[in-house]
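Note sheet for the following structure.
Heads up: numbering here begins at 1 and tracks the sequence. Just so you know, these numbers use all the heavy atoms, side chains as well, and skip hydrogens, waters and symmetry mates.
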Amino acid sequence: ARGNTVSESVALFADIARRWEKDRLTGSAAYNFAQSGDSKEDKQKTSNRFELQAQEDHFWTSMFYSYINGKYEYDRIMNLDYRYRVGVGLGIQWLEGRAFENLGKWSFSQEAGLAWVKERYKSSLDDDYAAFRYAHHLAWDPSWIAGFNFTHNFEYLPELSDWADNYIIDSDIGFTYAFLANWQLLGKIEWD
């Protein structure tokens with residue numbers, strides 16, 4: 001913040017992942033809150049968002065898997081009271097922690113399936129619809145920077161009956177850097 005500004009912001013993120021021989025479980029939670037203004041009395045909220053998601057993958061071969069996932073979110077600034085969705089589909093794990101000489105370790109997967117979405121905005125009634133889902137996930141650990149991890153995730157869900165005008169896109173790109181014991185620096189850009 002610059003100048004005569006009073007501001008507060010909070011960003012909390014939690015990720016969990018577990019991999020077994022034929023199954024993988026991932027989950028995440030995030031909360032973002034921010035407000036600012038010229039004084040304590042005229043502060044306005046600029047962010048107030050929460051999301052929780054989980055996915056279970058079952059590997060049929062070393063590359064191919066089926067998945068089931070779910071996500072819940074609300075965004076007070078966008079007047080989204082709630083949105084939740086559940087989905088099923090198939091995925092392909094092109095790379096999983098594969099090391100390339102002088103390039104580091106890479107993981108990349110793509111997924112396609114169907115989802116059911118239910119949402120409510122403050123200015124409208126409940127809406128629910130079926131959607132197609134495409135997603136990809138990329139992770140890179142370069143060999144020349146210890147503790148650095150680059151990630152990119154993309155998810156696109158167009159409504160099956162109105163794919164040109166009603167869709168959801170969640171995308172992020174960023175990095176983490178483990179610089180001291182259990183402390184990490186996180187830099188991320190999200191587009192929802």
**Report entry** Aromatic contact, His136 with Phe154 (centres under 6.0 Å)
**Finding:** yes

Requested in this report: Identify whether the distance between the nearest side-chain nitrogen and carboxylate oxygen of Lys118 and Asp127 falls below 4.0 Å.
Outcome: no

Report task. Could you tell me whether the side chains of Gln93 and Arg24 share a donor-acceptor contact shorter than 3.5 Å? Result -> yes

Requested in this report: Verify the ring-centre separation between Phe148 and Phe175: is it less than 6.0 angstrom?
Outcome: yes

Requested in this report: Please work out whether the ring planes of Tyr31 and Phe50 are parallel, tilted or perpendicular, with thresholds of 30° and 60°.
Outcome: tilted

Query raised in the report: How close do Phe100 and Trp106 get, heavy atom to heavy atom, and via which atoms?
Result: CD1-CD1, 3.4 Å

Query raised in the report: Between Gln53 and Ser28, do the side chains contain an N or O donor and an N or O acceptor separated by less than 3.5 Å?
Result: yes

Query raised in the report: Is Val117 close to Tyr84 at the side-chain level, that is, under 4.5 Å between some pair of heavy atoms?
Result: no

Query - Spacing of Asp141 atom CG and Asn149 atom CG [to the nearest 0.5 Å] - result: 4.5 Å

Requested in this report: For Lys45, look at atom NZ and say whether over 12 heavy atoms of other residues, nucleotides or ligands are found less than 6.0 Å away.
Outcome: no

Query - Gap separating the CH2 atom of Trp163 from the OH atom of Tyr129, nearest 0.5 angstrom - result: 15.5 Å

Requested in this report: Answer yes when Arg83 and Asp75 have at least one side-chain N-carboxylate O distance shorter than 4.0 Å, and no when they do not.
Outcome: no

Requested in this report: Using a strict cut-off of less than 4.0 Å between a Lys/Arg side-chain nitrogen and an Asp/Glu carboxylate oxygen, indicate whether Arg85 and Glu73 qualify as a salt bridge.
Outcome: yes

Query - Polar side chain donor-acceptor pair, Ser109 to Trp94, under 3.5 angstrom - result: no

Query raised in the report: Charged N to carboxylate O below 4.0 Å: is that the case for Asp192 and Arg49?
Result: yes

Query raised in the report: Would you say the side chains of Glu155 and Asn153 form a donor-acceptor pair under 3.5 Å?
Result: no

Query raised in the report: Listed by chain and number, what are the ring pair (Phe, Tyr, Trp, His ring centres under 6.0 Å) partners of Phe150, not counting sequence neighbours?
Result: none

Query raised in the report: Would you say Arg120 and Leu80 make side-chain contact, with heavy atoms under 4.5 Å?
Result: no

Query raised in the report: Do Arg133 and Asn69 come within less than 4.5 Å of each other through their side chains, counting heavy atoms only?
Result: yes

